[in-house]
Colleague: 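I'd like to ask you about the structure that follows.
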Amino acid sequence: MSDKTVLYVEDNEFNLKMVRQLLARTTYRLIEATDGEMGVATALEEVPDLILMDIQLPKMSGLEATRRLRADPKTAAIPIIVITSFALSGDDQKAKDAGATAYMAKPYSPRELLQTIRNLLPEQ
Amino acid sequence: MHWVAAIKASVHAKLLAGYLLVTLLVIGMGAMSLQTIAKMSSQGKLLDEAHERVHWSQDIQHALAMQMNFTAMALLMRSEAAVENILRENNRFNNTLARLETAAQPEEVELIQRIRTAQGEALTTVADIANLIRDGKVEDAMRLQQNKQYPLYRHIEEFVTQLVGREQGKMDRLRASVAAANRNTLILMAISAATLMLVALLLGFIISWSFILPVQKAHGFLSEVAKGNFAATINVPNRDEFGALAAHMNHMSQELHRLYESQHQASQELQRLNEQLQQASKAKSNFLANMSHELRTPMNAILGFVEMMLDEIYGEVPSHLREPLTDVQTNGKHLLRLINDVLDLSKIEAGRMELVLAEYSVQDVVETVRTSLQSLALEKGLDFVAAAEDDIPLALGDGKRITQCLMNLVGNALKFSKHGRVALWVEQQGENLLYRVSDTGIGIPKEELENIFGEFQQVDTAITREFSGTGLGLNITKKFVEMHGGRIWVESELGKGSAFFFTIPLRMNHGEVT
């Protein structure tokens, strides 16, 4: 029984709830943060195995949070999936530039999200 | 000139007055010339008379000489008959003297009296000499002639010479005065002619300049107005037609100024409105962009939860709930497409849409479209072919946008075809790519062909309901094609099907991004 930790930084409670329920049937342990600053603080504190980062967050944008985590040696190697709102025109590139390992356009399919997580961080 | 200009009379009247003045001066000069000619002719007559009187006085002189001559002959030939010749000469002498005496001056009359008295005495002596010759006393006669007649004649001759001198002097004086009068007349005529010419020229100058000046001012004024200086006014002293014209011009300028001002105000108002509209449009676009983003977050939850339910993450789904859940999913996806289209369009209109240029494979794009839409074609029982020429090299452009365009066109083709075939074909034509999407659908009426690429355009609102399109797809497609520097068009036959074409450069230059 592994307990690989996934941090989801997202301000919308329904999306948080959805991912919470999605991962409830897996072995992943989910921790949550509801704004960019809190996301960075939680990541530095808990050092999760994978981070889901929404691009639009209160206090600090997801891109800025990603850059900070990449800059810190403690979190620099953690895979980060950036969830973009504007899937179109350059958001992917911005996410990549900030240091995202992968990106998904919102609205994403929970099935595809889980697949992406599993690809980057196998359950066992 | 100003004075002439200010005269309240028409141009016609001023010109007539000028010509009339000149004409009057010419007539005056003509009259003066006639008078001079008459005067000269009368002076000529006087001169002739004086000449005649000189002639007469010379005649007298001659007659006197003849008398002395005949006396000498009578003495020499001792014949008294020769003396009769003297009497005849005496008659000529007296007659001529009488002629001279008429119209003679007082001192002349006195002289003539003396001559006549002396002549009378001389004749008495001639008679005595004749008597002595008849009596044979020739020597006495010769003595009488020597002592009395000769001195008498010398005396008379002296008077006659004086008379001749006087007449000659009179004639000379008259001639001199005539010559002087002629010279004066000539000078007077020359001065009059010169004055006439001067007056005519001066009048011409003044009158013409009183017309030319306002014309020149009008020229300057009109140039100013043409340059847009409506504050310019024309000010002429004329109270004639030119004055009226200038007043009209000023009125015209004022009217133009008024029109220009109102036009200017209107255009400023329009500009202000335009700015307001642009701001409103930008605000609208921003609002739409933000709204679309805000809409995505709940859409994410809706579609996500439904998918998880259908994936039975929450447990087994009762069969009677599966269909309504699928309906929620289908409509949610449609709503998402609408949101995406609205977002794209608002970004394009706000000028915030940018192409992301990268190399892409046309074959990959076609494959993406094929796999995405294959299930839809299969569902509808349509024959769906999507292919590209084998040897197309890597293209440079926004592959995602081109995929989006093709998804729109092929999606439409599939939607509007109930049976038959939908085909996507791509080929290279020189420096360009030609995309063709053809279907065997309902077709587009001719009158709609031009509008088909406009916003919210579908052939029929009933069709919109049936085929559930957003009406924005073609408009967005057209805009993306144009942003690539390409062109889109459609060929269609009602009831038989449509073919959409677009061409874009195979490789876009970065500078071409619009």
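Every chain is numbered from 1, with letters handed out A, B, ... down the list of sequences.
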Colleague: Side chains of B:T297 and A:Q56: does their closest heavy-atom pair fall under 4.5 Å?
Modeller: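 No; the side chains remain at least 4.5 Å from each other.
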
Colleague: Which atoms of A:R111 are under 4.5 Å from chain B, going by heavy atoms: the side chain, the backbone, both sets, or neither?
Modeller: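 Answer is both: backbone and side chain atoms of A:R111 are under 4.5 Å from chain B.
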
Colleague: Could you measure the distance from the OH atom of B:Y314 to the CG atom of A:L22? Nearest 0.5 Å is fine.
Modeller: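 The CG atom of A:L22 is 8.0 Å from OH of B:Y314, to the nearest 0.5 Å.
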
Colleague: So, the side chain of B:N300 versus the backbone of A:Y108: is there a donor-acceptor pair under 3.5 Å, distance only?
Modeller: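 Yes, because the side chain of B:N300 sits within donor-acceptor range (under 3.5 Å) of the backbone of A:Y108.
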
Colleague: Should the heavy atoms of other residues, nucleotides or ligands under 6.0 Å from CE of A:M60 be counted, would the total exceed 12?
Modeller: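 Buried by this count: over 12 neighbours within 6.0 Å.
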
Colleague: Between B:L336 and chain A, which part of the residue has a heavy atom less than 4.5 Å away: side chain, backbone, both or neither?
Modeller: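 The answer is the side chain of B:L336.
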
Colleague: Which atom pair, heavy atoms only, marks the closest approach of A:M18 to B:A301?
Modeller: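 It is SD-O, 3.8 Å.
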
Colleague: With rounding to the nearest 0.5 Å, note down the distance linking CE in B:M299 to CG in A:N15.
Modeller: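 Separation between the atoms: 11.5 Å.
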
Colleague: Do any N or O atoms from the side chain of B:R296 and from the backbone of A:P107 form a donor-acceptor pair under 3.5 angstrom?
Modeller: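 Answer holds: no.
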
Colleague: List the atom of B:F305, the atom of A:F14, and the distance in Å for their closest heavy-atom pair.
Modeller: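 For B:F305 versus A:F14, the nearest heavy atoms are CZ-O, 3.4 Å.
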
Colleague: Measure the CE-CZ distance between B:M308 and A:R25 for me, rounded to the nearest 0.5 Å.
Modeller: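 Going from the CE atom of B:M308 to the CZ atom of A:R25 covers 9.0 Å.
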
Colleague: Is B:E431 atom CD crowded by more than 12 heavy atoms from other residues, nucleotides or ligands, each under 6.0 Å away?
Modeller: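 No - once you tally the heavy atoms of other residues, nucleotides and ligands closer than 6.0 Å, there are 12 at most.
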
